[in-house]
Amino acid sequence: MTRFKLVAAAAALLAAQSAYGSGMTTGRADAVRKAVDGAFRPLIREHDIPGLAIAVSVDGEEHFFTYGVASREGNVPVSKETIFEIGSISKVFTATLASLAEASARLSWADHPSRFIPELKGTPFDRATLLNLGTYTAGGLPLQFPREVGDHGAMLAYFRKFEPTAEAGTQRTYSNPSLGLLGHVAARALGGDFSTLMEERLFANLGLGGTYIRVPEPAMSRYAWGYDRANEAVRVNPGLFAEEAYGVKTNAADMIR
């Protein structure tokens with residue numbers, strides 16, 4: 001979606017909400033439906049989107065709207081429990097796990113990565129702090145790892161050889177390796193596996209019963225498929241730091257919570 005379309009969608013919903021705030025309560029559900037339909041039906045048509053689940057909260061009242069299917073092959077309709085890959089919104093949850101580690105005195109934002117990854121001690125990259133990793137200011141890390149960096153050993157070698165293009169804290173460059181490494185460090189600080197910590201410590205305590213890193217078998221029938229340019233069913237690529245950077249799968253009911 002373009003930024004303009006997202007802003008237009010948000011404006012439609014805010015317009016409906018401000019009408020409620022001025023005392024208009026009759027037909028609220030119909031008004032929300034009209035705003036949501038007006039914002040999203042054109043996007044569905046323009047981008048050939050198989051299905052969407054929309055959740056809107058107005059004065060604490062939740063409204064759910066669903067469109068299309070979670071699987072074209074099975075013609076499975078979308079519901080508010082349909083599980084979607086939420087991409088880089090996952091980073092919000094990764095940062096929250098790191099914040100939990102900080103609040104538990106298991107790490108400090110001023111720590112350098114080598115406190116938890118000794119192999120990075122003395123490298124130019126280690127001048128960055130964990131706060132730099134979380135704010136994309138660690139010295140110019142790229143959006144993605146190079147294609148040849150595919151496992152833990154290659155990751156360590158990459159960071160050991162990395163030459164910052166800017167002083168830490170001076171330039172912001174959006175980066176999956178940056179936030180991914182923060183998640184990796186947070187899991188080490190908390191003494192556990194990243195995915196397990198997210199599911200059992202974070203999601204569970206937030207009351208997110210339908211949110212996962214690893215979708216369990218009983219929930220797979222609710223896991224929506226994406227479709228590529230050839231209209232082939234696809235799911236997220238399981239690359240290095242995929243879990244930390246873009247690995248959350250969840251539903252509209254959990255997200256509105």
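Numbers here are sequence positions counted from 1.
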Sort and list the pairs that fulfil side-chain hydrogen bond (donor to acceptor under 3.5 Å, both in side chains) and have at least one residue in [range], not counting sequence neighbours.
{"range": "residues 140-163", "result": "Gln144-Asn176"}
{"range": "residues 217-228", "result": "Glu73-Tyr227, Glu85-Tyr223"}
{"range": "residues 232-241", "result": "none"}

Flag side-chain contact, heavy atom, 4.5 Å: [X] against [Y]:
{"X": "Val236", "Y": "Lys249", "value": "yes"}
{"X": "Ile49", "Y": "Phe40", "value": "no"}
{"X": "Lys121", "Y": "Pro118", "value": "no"}
{"X": "Thr135", "Y": "Arg172", "value": "yes"}

Taking side-chain hydrogen bond (donor to acceptor under 3.5 Å, both in side chains) as the definition, give me every residue that meets it alongside [X], ordered by chain and number, with sequence neighbours left out.
{"X": "Asn231", "value": "Arg72"}
{"X": "Thr196", "value": "Asp193, Arg214"}
{"X": "Arg201", "value": "none"}

Would you kindly confirm whether [X] and [Y] end up in one hydrophobic cluster when ILVMFWY residues are joined by side chain heavy atoms under 4.5 Å apart?
{"X": "Leu182", "Y": "Ile117", "answer": "yes"}
{"X": "Leu107", "Y": "Leu202", "answer": "no"}
{"X": "Phe194", "Y": "Val149", "answer": "no"}
{"X": "Leu179", "Y": "Val92", "answer": "no"}
{"X": "Leu43", "Y": "Val78", "answer": "no"}

Could you tell me which residues satisfy salt bridge (charged side-chain N to carboxylate O under 4.0 Å, His left out) with Arg115, sequence neighbours excluded, listed by chain and number?
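Checked Arg115 against salt bridge (charged side-chain N to carboxylate O under 4.0 Å, His left out); matches are Asp111.
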Glu61: which residues meet the salt bridge (charged side-chain N to carboxylate O under 4.0 Å, His left out) condition with it, sequence neighbours left out?
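Salt bridge (charged side-chain N to carboxylate O under 4.0 Å, His left out) list for Glu61, sorted by chain: Arg28.
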Quick one: [atom1] on [X] to [atom2] on [Y], what's the gap to the nearest 0.5 Å?
{"X": "Ser114", "Y": "Glu119", "atom1": "OG", "atom2": "CD", "result": "10.0 Å"}
{"X": "Phe64", "Y": "Lys80", "atom1": "CZ", "atom2": "NZ", "result": "4.5 Å"}
{"X": "Asn132", "Y": "Gln171", "atom1": "CG", "atom2": "CD", "result": "12.5 Å"}

For the pair Thr173 and Ser175, evaluate side-chain hydrogen bond (donor to acceptor under 3.5 Å, both in side chains) and give the outcome as yes or no after the intermediate values.
CA-CA 6 Å; Thr173 306; Ser175 168; over 6 Å; no
Worked verdict on Phe162 versus Leu141 for side-chain contact (heavy atoms from CB on, under 4.5 Å)
CA-CA 8 Å; Phe162 181 76; Leu141 287 171; 3.7 Å; yes
For Tyr174, ring-ring contact (aromatic ring centres under 6.0 Å, His included) partners two or more places apart:
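By the ring-ring contact (aromatic ring centres under 6.0 Å, His included) rule, Tyr174 matches Tyr136.
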Strictly distance-based, threshold 3.5 Å: is any side-chain N or O of [X] a donor or acceptor partner for the main-chain N or O of [Y]?
{"X": "Glu244", "Y": "Leu181", "value": "no"}
{"X": "Thr129", "Y": "Ala110", "value": "no"}
{"X": "Ser104", "Y": "Arg106", "value": "no"}
{"X": "Ser71", "Y": "Val76", "value": "no"}

Provide the full list of ring pair (Phe, Tyr, Trp, His ring centres under 6.0 Å) pairs with a residue in residues 235-257, sequence neighbours left out, each pair given once.
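Residue pairs passing ring pair (Phe, Tyr, Trp, His ring centres under 6.0 Å), neighbours aside: Phe145-Phe241, His184-Phe241.
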Pairs touching residues 66-114 that satisfy ring pair (Phe, Tyr, Trp, His ring centres under 6.0 Å), sequence neighbours left out:
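Qualifying pairs, neighbours excluded: Phe93-Phe203.
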Output a table of donor-acceptor pairs, distance under 3.5 Å, between side-chain atoms of residues 250-257 and any protein atom two or more places apart or on a different chain; print 'none' if there are none.
from: Thr250; atom 1: OG1; to: Thr211; atom 2: OG1; distance (Å): 2.6
from: Asn251; atom 1: OD1; to: Ala253; atom 2: N; distance (Å): 3.1
from: Asn251; atom 1: OD1; to: Asp254; atom 2: N; distance (Å): 2.7
from: Asp254; atom 1: OD2; to: Gly209; atom 2: N; distance (Å): 3.4
from: Asp254; atom 1: OD2; to: Gly210; atom 2: N; distance (Å): 2.8
from: Asp254; atom 1: OD2; to: Thr211; atom 2: N; distance (Å): 3.2
from: Asp254; atom 1: OD2; to: Thr211; atom 2: OG1; distance (Å): 2.6
from: Arg257; atom 1: NE; to: Leu206; atom 2: O; distance (Å): 2.9
from: Arg257; atom 1: NE; to: Gly207; atom 2: O; distance (Å): 3.4

